[in-house]
Amino acid sequence: MKLKSLALPLFALVLLLSACGQKATSVSENGNSEAKTKTEKPVQKEESLTLEKVFEKTITASKDLKSLTLKMENDQTITSSSNSEPTAMTSTIDMDLIQDPLSLYQVMTMNIPGEDAIKTESYFTKQGFFMYEPAHGAWMKFPDEMSTELLKATEQQGDPATELKKMQEFIEDFTFEQDNSSYILTLNASAEKFNAFMQEQLAQSFGQSAGLDLQSVDVSGLKYSYTIDKKTFYPTAMTVDMSFKTVEGSEEVTIEQKTNATFSNYNGINEITIPEEVIKSAQEIELPH
């Protein structure tokens, strides 16, 4: 089966929030909804904000975003009609990213049962896109054309305002909760309603490179959850649970994926520099003509 892991890179992440007038339901620190009691701490002023106001403040805060650190864990199970034994894959991503000028440093580790773990390092700056290829034990420099395409995809998918506008039609599908320090926004998506949206997101994130026939994608389950800091209105955590089916050749393939991400070190990264030895030793990859 040619289908590769769909581990989400940072530039595939989208800040999927939505605006409506509902107030946040209180939840305990362990995530259980609970009624307010007289023994609770005084409610902070921000806790009375509507989802619409949290939405607006998060958008405003995102305009000041210059850099961040991302840690992500991704668990994926793939089952095909020709093989009842599921293939389980896990991956982790640690990334530092600067928005302008766009630059990043990423370490990704992928684990597939029965195979050695695959660990790659990547740099992307104005000097180009460099990746360590463990199979060859060498650094590779990708052509400028590929770097340009990566830049375009990152700028488009990393713009919270753009993604928020796309999600406005799903306002009524969000739930809105809070604890002492955070707002929790959750979207449980119905399959039919979100098929077209998910096809669009998969096309932007992966295109045909993952072996997906996007027209055959059938989303059977989708859940987003975002945790927003009450003081800064920056996202601190995100989970995405997704289940969908697609067809590859004569096979029906079912993919179940869970992603957990944390965001930190906001505006704490001033520069990402590619080591000189990486630049000097990198082998340049030529695109086929």
Side-chain angles (χ1 to χ4, degrees), residues 4-17 29-31 58 61-62 64-77 88-100 102-113 116-125 129-132 134 150 153-155 157-160 163 179-187 201 204-206 210 222-242 255-275 278:
K4 303 296 183 182
S5 173
L6 303 183
L8 296 177
L10 180 64
F11 40 82
L13 294 178
V14 288
L15 184 58
L16 302 176
L17 309 180
E29 294 297 335
N30 63 9
T58 303
S62 71
D64 297 325
L65 177 59
K66 297 178 176 64
S67 64
L68 59 79
T69 295
L70 163 75
K71 292 184 179 295
M72 179 182 294
E73 296 180 356
N74 189 76
D75 295 311
Q76 185 180 99
T77 302
M89 290 177 281
T90 62
S91 62
T92 60
I93 292 176
D94 292 272
M95 177 186 289
D96 289 336
L97 181 139
I98 297 175
Q99 293 282 9
D100 187 22
L102 181 67
S103 53
L104 63 85
Y105 170 66
Q106 173 183 285
V107 177
M108 183 172 73
T109 303
M110 185 176 296
N111 295 281
I112 302 175
D116 293 334
I118 302 173
K119 182 178 180 179
T120 61
E121 285 185 81
S122 302
Y123 287 94
F124 180 69
T125 72
F129 180 34
F130 296 79
M131 177 182 291
Y132 183 77
L150 175 61
T154 306
E155 289 179 330
Q157 297 175 27
D159 182 355
E163 298 302 334
D179 57 29
N180 287 335
S181 60
S182 305
Y183 294 107
I184 302 99
L185 292 82
T186 304
L187 172 65
Q201 295 305 306
Q204 289 182 1
S205 300
F206 309 109
L222 176 64
K223 179 180 179 180
Y224 287 92
S225 179
Y226 287 87
T227 303
I228 309 295
D229 184 87
K230 285 185 174 179
K231 293 181 179 180
T232 65
F233 289 93
Y234 285 142
T236 57
M238 178 196 74
T239 62
V240 181
D241 293 325
M242 180 169 56
I255 299 173
E256 296 181 357
Q257 179 169 285
K258 182 170 185 177
T259 301
N260 293 295
T262 59
F263 309 93
S264 61
N265 196 25
Y266 279 98
N267 298 335
I269 306 167
N270 296 319
E271 185 179 14
I272 294 176
T273 304
I274 304 176
V278 171

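Because only heavy atoms are used, hydrogens play no part in the values below, and waters and symmetry mates are left out as well, while side chains stay in.
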- With Thr125, which residues qualify under side chain to side chain contact (heavy atoms under 4.5 Å, CB included), at least two apart?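 Partners of Thr125 by the side chain to side chain contact (heavy atoms under 4.5 Å, CB included) criterion, ordered by chain and then number, come out as Ser103, Gln127, Ile272, Ile274.
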
- Task: For Asn265, enumerate each residue passing the side-chain hydrogen bond (donor to acceptor under 3.5 Å, both in side chains) test, keeping only those at least two apart in sequence or located in another chain.
- Result: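 Asn265: side-chain hydrogen bond (donor to acceptor under 3.5 Å, both in side chains) contacts with Thr69.
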
- Item | Residue list, side-chain hydrogen bond (donor to acceptor under 3.5 Å, both in side chains) with Asp241, at least two apart or on another chain |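 Checked Asp241 against side-chain hydrogen bond (donor to acceptor under 3.5 Å, both in side chains); zero matches.
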
Let me confirm one number: the [atom1]-[atom2] distance from [X] to [Y], rounded to the nearest 0.5 Å.
{"X": "Glu256", "Y": "Thr77", "atom1": "CD", "atom2": "OG1", "result": "6.0 Å"}
{"X": "Asn260", "Y": "Thr92", "atom1": "CG", "atom2": "OG1", "result": "12.5 Å"}
{"X": "Thr227", "Y": "Phe263", "atom1": "OG1", "atom2": "CZ", "result": "10.0 Å"}
{"X": "Leu65", "Y": "Ile98", "atom1": "CG", "atom2": "CD1", "result": "11.0 Å"}
{"X": "Met131", "Y": "Met108", "atom1": "CE", "atom2": "CE", "result": "6.5 Å"}
{"X": "Ile228", "Y": "Thr236", "atom1": "CD1", "atom2": "OG1", "result": "7.0 Å"}

- Query: Would a distance-only check, ignoring hydrogens and angles, find a side-chain to backbone donor-acceptor pair under 3.5 Å from Ser67 to Gly268?
  - Reply: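 Checked: pair present.
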
- Are the side chain of Lys230 and the backbone of Asp179 linked by a donor-acceptor contact shorter than 3.5 Å?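 Judged by distance alone, yes, a pair lies under 3.5 Å.
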
- Message: For residues 88-98, which residue pairs pass the salt bridge (charged side-chain N to carboxylate O under 4.0 Å, His left out) check, not counting sequence neighbours?
- Response: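 Sorted result for residues 88-98: Lys71-Asp94.
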
Beyond-backbone contact of [X] with [Y], side-chain heavy atoms, under 4.5 angstrom:
{"X": "Gln99", "Y": "Lys66", "answer": "no"}
{"X": "Asn74", "Y": "Ile93", "answer": "no"}
{"X": "Thr239", "Y": "Thr259", "answer": "no"}
{"X": "Leu97", "Y": "Leu70", "answer": "no"}

Determine the minimum heavy-atom distance between [X] and [Y], stating which atoms define it.
{"X": "Pro113", "Y": "Ala88", "result": "CD-O, 2.7 Å"}
{"X": "Thr232", "Y": "Asp229", "result": "N-OD2, 2.8 Å"}
{"X": "Pro134", "Y": "Tyr132", "result": "CD-O, 3.2 Å"}

- Sequence-distant partners of Tyr234, ring-ring contact (aromatic ring centres under 6.0 Å, His included), two or more places apart: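 So Tyr234 forms a ring-ring contact (aromatic ring centres under 6.0 Å, His included) with Tyr266.
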
Check residues 116-124 and write down every donor-acceptor pair under 3.5 Å in which the side-chain atom is one partner and the other belongs to a residue at least two apart or another chain.
unit_1 : atom_1 : unit_2 : atom_2 : d
Glu121 : OE1    : Tyr105 : OH     : 2.5

